[in-house]
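Worksheet: the structure to be examined is printed underneath.
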Number of protein chains: 2
Amino acid sequence: MRIGAIEAGGTKFVCGIGNEHGEIEERISLPTELPESTLREVLNYFRDKQVEAIGIGTFGPIDIDSSSPTYGFVTTTPKPGWSGFDFLGTMKRELPVPYGWDTDVNAAAFGEAKWGAAKGLNSALYYTVGTGIGVGVYSEGKLVHGLLHPEGGHVLTRRHPEDTYAGFCPYHGDCLEGMAAGPALGQRWGVKGDELTKDHPAWPMQAFYLGQAISSAILLLSPKKVILGGGVMHQEQLFPMIRAEVQKNLNGYASHKSLLEEIDSYIVPPGLGDNAGLCGSIALGIDALEQQK
Amino acid sequence: MRIGAIEAGGTKFVCGIGNEHGEIEERISLPTELPESTLREVLNYFRDKQVEAIGIGTFGPIDIDSSSPTYGFVTTTPKPGWSGFDFLGTMKRELPVPYGWDTDVNAAAFGEAKWGAAKGLNSALYYTVGTGIGVGVYSEGKLVHGLLHPEGGHVLTRRHPEDTYAGFCPYHGDCLEGMAAGPALGQRWGVKGDELTKDHPAWPMQAFYLGQAISSAILLLSPKKVILGGGVMHQEQLFPMIRAEVQKNLNGYASHKSLLEEIDSYIVPPGLGDNAGLCGSIALGIDALEQQK
């Protein structure tokens with residue numbers, strides 16, 4: 001198989017070619033500019049690549065309801081030019097192959113379930129913690145779309161008793177994203193996250209917020225794996241702290257060995273590392289091709 | 001079709017016979033006693049009923065992982081005699097027909113999706129707010145099981161600024177169930193919920209807690225309908241208050257007309273009323289019969 005993949009982010013687009021084993025054969029990275037010029041570059045890249053299908057995992061919000069007249073559009077993003085843009089339709093017109101289309105985080109969850117940390121499992125949650133927080137939901141062998149698509153980065157959490165930071169989310173102030181995405185670290189402590197030492201009090205506080213959201217998601221959805229990716233999660237000291245917060249919050253209620261003795265292999269980094277998004281887009285492309293057949 | 005249904009609760013078992021339209025043709029109610037004697041009564045009821053299949057929606061926690069050696073067991077309930085009891089296996093041995101087996105709230109969500117408030121939709125959340133709080137999750141056309149099964153009644157919420165009540169959950173103290181199930185109303189205000197007037201401050205506080213949990217569940221899962229049942233939700237004044245809390249919490253972020261203009265038909269009572277659980281068990285039975293074929 002020869003599958004095109006697009007990991008469309010707010011600052012860069014990564015385009016690549018992969019195969020049925022999730023192996024990435026080549027890739028390029030492009031800056032995200034106005035949609036027309038960005039997609040012109042994307043299309044130029046794919047034009048002679050002879051891909052059988054393309055998977056797109058993109059920033060959003062996007063319309064992923066295939067019965068909607070605006071299916072394939074970017075919806076209400078503040079990113080200049082992209083709000084209301086027919087991303088998928090533009091691609092289809094210029095390069096007519098089968099397309100997979102989903103959020104960046106759903107794509108990553110799908111890639112992890114196919115080839116990564118959740119390989120062989122029929123459910124997984126994928127969190128990305130970076131400039132924002134997004135959550136991809138794979139449940140009972142399906143990516144969750146629902147009414148719009150999951151936006152689990154914006155759930156409300158309890159405030160840490162020693163935290164006076166207001167939160168930066170323009171919609172909710174101190175929701176999870178407002179308190180625990182990268183910009184919150186910088187604004188709360190006055191220096192960027194990657195300049196904080198590993199024993200800085202920033203990290204237990206970070207784990208407090210993420211651990212709360214993850215505990216509640218485990219209770220609501222009972223996923224078989226929780227995968228934490230994104231720039232902030234390169235701070236590996238967060239993993240044991242988050243696992244401890246989750247166990248403290250659950251307090252033995254959801255009684256399963258994955259949550260009790262084996263939590264080190266339950267809340268984990270992406271098995272595909274920083275390729276989770278691009279591999280996930282390959283997986284979406286393969287899925288689109290197979291549905292076509 | 002002639003389908004048996006069991007709605008197994010902690011205080012009573014409702015058993016009935018229904019058809020493929022979700023119509024209940026007859027029913028009985030039995031007190032929940034020790035498992036052997038309760039199931040003897042249940043089996044006596046069904047013995048001559050010539051049902052083609054039986055659906056069981058039950059209190060839990062239960063094992064619903066069909067690959068598990070304890071599939072069909074009640075797991076860790078404090079209810080005397082039931083912890084570790086092979087509920088499904090006992091039924092199968094004595095009355096060998098195809099069985100559907102799920103939690104009471106998943107059954108109710110399934111019944112509502114088949115014949116009730118979420119009819120024709122491929123996703124819905126079903127909350128029951130009574131002596132405890134349970135959440136059934138139906139997503140992308142499937143009931144969510146995952147690692148164990150959803151236990152969304154125990155998510156953490158922020159404390160209401162005027163609330164000094166500690167919460168009664170033995171695991172988490174002031175989780176959603178600890179703060180907003182029936183017993184919390186009684187303990188916080190000194191009288192039972194149904195003795196409080198409709199303009200009592202108990203109700204806005206109740207809506208504050210439920211609205212928070214529901215907002216976060218909407219963000220994480222994007223369900224197409226949210227259905228609120230159980231004894232406490234017979235207090236109909238709660239519905240507009242909860243809808244207002246959800247809109248306040250989301251603050252326009254998940255931009256969909258169901259959440260903005262049409263929330264009165266998005267967060268709703270069960271279409272099947274107090275029959276949601278029993279009808280859901282009929283639906284589980286039908287599903288088991290169809291999978292058999």
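What's counted below: heavy atoms across the whole structure, side chains too, no hydrogens, waters or symmetry copies. Within every chain, numbering begins at 1; the chains are lettered A, B, ... in the order of the sequence lines, protein sequences first and strands thereafter.
Across A:V155, A:L250, A:L147, A:T76, the residue that shares the most heavy-atom pairs under 4.5 angstrom with chain B is A:L147. The residue among B:E151, B:R158, B:H145 with the most heavy atom pairs within less than 4.5 Å of chain A is B:R158. The most heavy-atom pairs under 4.5 Å with chain B, out of A:Q212, A:H256, A:K142, A:H149, come from A:H256. Looking only at heavy-atom pairs under 4.5 Å with chain B, the residue among A:V144, A:L176, A:T75, A:L259 that has the most is A:V144.
Under the 3.5 Å distance criterion, with hydrogens and angles disregarded, no donor-acceptor pair is assigned to the side chains of B:N249 and B:E245.
Between B:T77 atom OG1 and B:W82 atom CH2 the span is 9.5 Å, to the nearest 0.5 Å. We find the CZ-CZ distance between B:F73 and B:F85 to be 9.0 Å, quoted to the nearest 0.5 Å.
For A:E140, the parts lying near chain B are the backbone and the side chain together; criterion is any non-hydrogen pair under 4.5 Å. There is no contact between A:S215 and chain B, counting heavy-atom distances below 4.5 Å. For a residue to count as touching a neighbouring chain, one of its non-hydrogen atoms must lie under 4.5 Å from one of that chain's; by this rule B:D65 does not touch chain A. Of the atoms belonging to A:D63, not a single heavy atom falls under 4.5 Å from chain B.
Scanning both residues, B:Q247 and B:L260, for their nearest heavy atoms gives NE2-O, 2.9 Å. Looking at every heavy atom in both residues, B:I56 comes nearest to B:S281 through C-OG, 4.1 Å. Taking every heavy atom of both residues into account, A:P269 and A:A117 meet most closely at O-CB, 4.0 Å.
Between B:F110 and B:D102 the shortest side-chain heavy-atom distance does not fall below 4.5 Å. Contact of the B:M205 side chain with the B:M179 side chain is not registered, since no non-hydrogen atoms from C-beta on lie closer than 4.5 Å. A:T58 has its side chain within reach of A:W101: a pair of non-hydrogen atoms, C-beta onward, lies under 4.5 Å apart. For the pair B:L88/B:Y99, a side-chain contact is recorded, criterion being any heavy-atom separation below 4.5 Å from C-beta on. Two residues are said to be in side-chain contact when any heavy atoms from C-beta on lie closer than 4.5 Å; B:I62 and B:V74 meet this criterion. Using a 4.5 Å heavy-atom threshold, the side chains of A:L228 and A:L238 count as separate. Using a 4.5 Å heavy-atom cutoff, the side chains of A:M233 and A:L210 are in contact.
Applying the side chain to side chain contact (heavy atoms under 4.5 Å, CB included) test to B:Y171 and every residue at least two apart in sequence or in another chain returns A:Y253, B:C169.
Judged purely by atom type and a 3.5 angstrom limit, A:S68 has no side-chain atom pairing as donor or acceptor with the backbone of A:I64. Panel note: side chain B:E112, backbone B:P270; no donor-acceptor pair is recorded below 3.5 Å.
At a heavy-atom separation below 4.5 angstrom, chain B is approached by A:S123, A:V135, A:V137 within residues 120-138 of chain A. Within residues 159-168 of chain B, no residue has a heavy atom under 4.5 Å from a heavy atom of chain A. Proximity to chain A at a heavy-atom threshold of 4.5 Å picks out B:L219, B:L220, B:L221, B:S222, B:P223, B:K224 from residues 218-227 of chain B, in numerical order.
Salt bridge status for B:K114 with B:D287: absent, with no side-chain N to carboxylate O gap under 4.0 Å.
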